[in-house]
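Since we're looking at a predicted model, the values are computed, not measured.
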Amino acid sequence: MHSVTYSMGVSLDGYIVGPDGRFDWTAPDKDVFRFHIDEIQKVGVHLLGRRLYETMLYWETADQNPSLDDAELEWAALWNPLPKVVFSTALSEVQGNARLASGGLAEEIGRLRAEPGEGEIAIGGATLAVEAAALGLIDEYRPIVYPVLVGGGIPYFPRNERQVDLELVESRTFESGVVYLRYRVAR
């Protein structure tokens, strides 16, 4: 069965976007970007909300930019063919190897888990993660913690009224002070 993972950059005080709407502090250095490249290779399908989908649209044509370095070209080559499911009530169509979700999040994840093959079901975006967490659908939380305090904004972890026990599976500290944590939900 495909596991459902939630991984995004997060400030030390727990936000993926600051109160001013900015998240430029999550721009990865070379080592962190290489880590993202290695991680995306484990993903079979990526679930995105509208805002993250629109942010990631850049990569649909980025490989045509002559100023991209080898790592960015490698990312684009992995990201573009990756199947994506976009959850949005505002969009009527999507581009690239993406489709609009035809059902609710639980229904889509159930269908994707049942499909044969390899690869994780990655969730991108706090809104989707909140819904998936409330439904008990997330198998692993993978925050990439940046050494910055932003003081508020959109939280990484859903603010639900239940305790979720986690097991630390992996951690990694980068030279830049960024820390990757991988927690499995204890079931």
Side-chain angles (χ1 to χ4, degrees), residues 2 4-12 15-101 108 112 115 117-129 140-150 153-154 156 170-182:
H2 305 279
V4 177
T5 64
Y6 171 43
S7 178
M8 288 192 78
V10 58
S11 64
L12 183 59
Y15 299 95
I16 62 168
V17 175
D20 55 4
R22 292 181 32 226
F23 56 94
D24 54 344
W25 42 269
T26 65
D29 62 21
K30 280 185 174 185
D31 290 337
V32 175
F33 195 70
R34 168 54 48 199
F35 176 77
H36 285 300
I37 290 171
D38 294 343
E39 288 295 298
I40 201 69
Q41 293 180 52
K42 301 172 189 170
V43 174
V45 61
H46 209 291
L47 311 183
L48 302 98
R50 179 192 52 82
R51 284 186 297 248
L52 184 59
Y53 165 74
E54 289 174 342
T55 299
M56 296 302 286
L57 272 176
Y58 164 81
W59 292 103
E60 290 297 321
T61 58
D63 58 353
Q64 299 166 18
N65 181 343
S67 68
L68 258 57
D69 65 25
D70 289 343
E72 291 166 318
L73 289 169
E74 185 177 356
W75 171 266
L78 293 166
W79 179 258
N80 287 339
L82 181 66
K84 299 163 203 76
V85 180
V86 180
F87 291 80
S88 173
T89 56
L91 298 174
S92 59
E93 61 181 38
V94 291
Q95 300 173 30
N97 198 18
R99 68 172 174 84
L100 286 169
E108 287 284 348
L112 292 166
E115 288 181 359
E118 306 265 330
E120 300 166 350
I121 300 168
I123 293 181
T127 303
L128 279 182
E140 290 189 7
Y141 290 88
R142 299 176 180 177
I144 302 166
V145 183
Y146 285 80
V148 61
L149 302 172
V150 298
I154 299 173
Y156 174 90
E170 180 182 358
S171 65
R172 179 174 173 185
T173 302
F174 297 90
E175 284 185 36
S176 61
V178 171
V179 177
Y180 167 74
L181 300 167
R182 180 176 164 211

Distance-only check: which donor-acceptor pairs under 3.5 Å involve side-chain atoms of residues 53-62, not counting sequence neighbours?
unit_1	atom_1	unit_2	atom_2	d
Tyr53	OH	Gln95	N	2.6
Glu54	OE1	Arg50	NH1	2.8
Thr55	OG1	Arg51	O	3.0

- [ ] Please report the shortest heavy-atom distance between Ala76 and Pro81, naming the atom on each side.
- [x] O-CD, 4.2 Å

TODO: For Glu39, check salt bridge (charged side-chain N to carboxylate O under 4.0 Å, His left out) against everything at least two apart and list the hits.
DONE: Lys42, Arg142

Open item on the list: Is any side-chain heavy atom of Leu82 closer than 4.5 Å to one of Val43?
Closed with: yes

Task: Straight-line distance of Glu120 CD to His2 NE2, nearest 0.5 Å - done: 10.5 Å

Task: Pairwise side-chain contact, Leu91 with Val86, heavy-atom cut-off 4.5 Å (strictly under) - done: yes

Task: Nearest heavy-atom neighbours spanning Pro143 and Val10 - done: CB-CG1, 3.7 Å

Open item on the list: Under a 3.5 Å distance rule, please check whether Tyr146 uses its side chain to pair with a backbone N or O of Ser11 as donor and acceptor.
Closed with: no

Open item on the list: Is the distance between the ring centroids of Phe35 and Tyr180 under 6.0 Å?
Closed with: yes

TODO: Measure the spacing between CZ of Phe87 and CG of Leu47 and express it to the nearest 0.5 Å.
DONE: 5.0 Å

Open item on the list: Within this structure, what is the CD1-CE distance for the pair Ile154 and Met8, rounded to the nearest 0.5 Å?
Closed with: 8.5 Å

Task: Shortest non-hydrogen contact from Val150 toward Tyr15 - done: CG2-CB, 3.7 Å

Task: Pairwise side-chain contact, Leu12 with Val148, heavy-atom cut-off 4.5 Å (strictly under) - done: no

Open item on the list: Could you check whether any side-chain heavy atom of Trp25 comes within less than 4.5 Å of a side-chain heavy atom of Pro147, counting everything from C-beta outward?
Closed with: no

- [ ] Answer whether the closest heavy-atom distance between the side chains of His36 and Ile144 falls below 4.5 Å.
- [x] yes

TODO: Any pair with a residue in residues 63-74 that passes salt bridge (Lys or Arg N to Asp or Glu O under 4.0 Å), sequence neighbours left out, goes on the list, sorted by first then second residue, please.
DONE: Arg34-Glu74

- [ ] Search all heavy atoms of Leu128 against all heavy atoms of Leu48 and return the closest pair with its distance.
- [x] CD1-C, 3.4 Å

Open item on the list: Would you compute the distance between atom CD1 of Ile16 and atom OG1 of Thr26 and round it to the nearest 0.5 angstrom?
Closed with: 9.5 Å

TODO: Begin from the C-alpha positions of Val178 and Val145 and carry the test side-chain contact (heavy atoms from CB on, under 4.5 Å) through to its verdict.
DONE: CA-CA 6 Å; Val178 171; Val145 183; over 6 Å; no

TODO: Taking the side chain as every heavy atom from C-beta outward, state whether Ile121 and Thr5 have any pair of such atoms under 4.5 Å apart.
DONE: no

Open item on the list: What's the separation between atom CG in Leu73 and atom CG in Asn65, rounded to the nearest 0.5 Å?
Closed with: 8.5 Å

- [ ] Please examine the side chains of Asp29 and Glu175, heavy atoms only from C-beta on, and report whether any two atoms are closer than 4.5 Å.
- [x] no

TODO: In sequence, state the C-alpha distance, the side-chain angles, and the governing distance for Arg99 and Glu108, and then conclude on salt bridge (charged side-chain N to carboxylate O under 4.0 Å, His left out).
DONE: CA-CA 12 Å; Arg99 68 172 174 84; Glu108 287 284 348; 2.8 Å; yes

TODO: Report the C-alpha distance between Leu78 and Ile37 in whole Å, list the side-chain angles of each, state the deciding distance to 0.1 Å, and finish with yes or no for side-chain contact (heavy atoms from CB on, under 4.5 Å).
DONE: CA-CA 8 Å; Leu78 293 166; Ile37 290 171; 3.7 Å; yes

Task: CG on Leu100 to CD on Glu93, rounded to 0.5 Å - done: 8.5 Å

Open item on the list: Using a 6.0 Å cut-off, check whether atom CZ of Phe23 has over 12 heavy atoms from anything other than its own residue.
Closed with: no

Task: Heavy-atom check, side chain of Lys84 versus side chain of Val45, under 4.5 Å - done: no

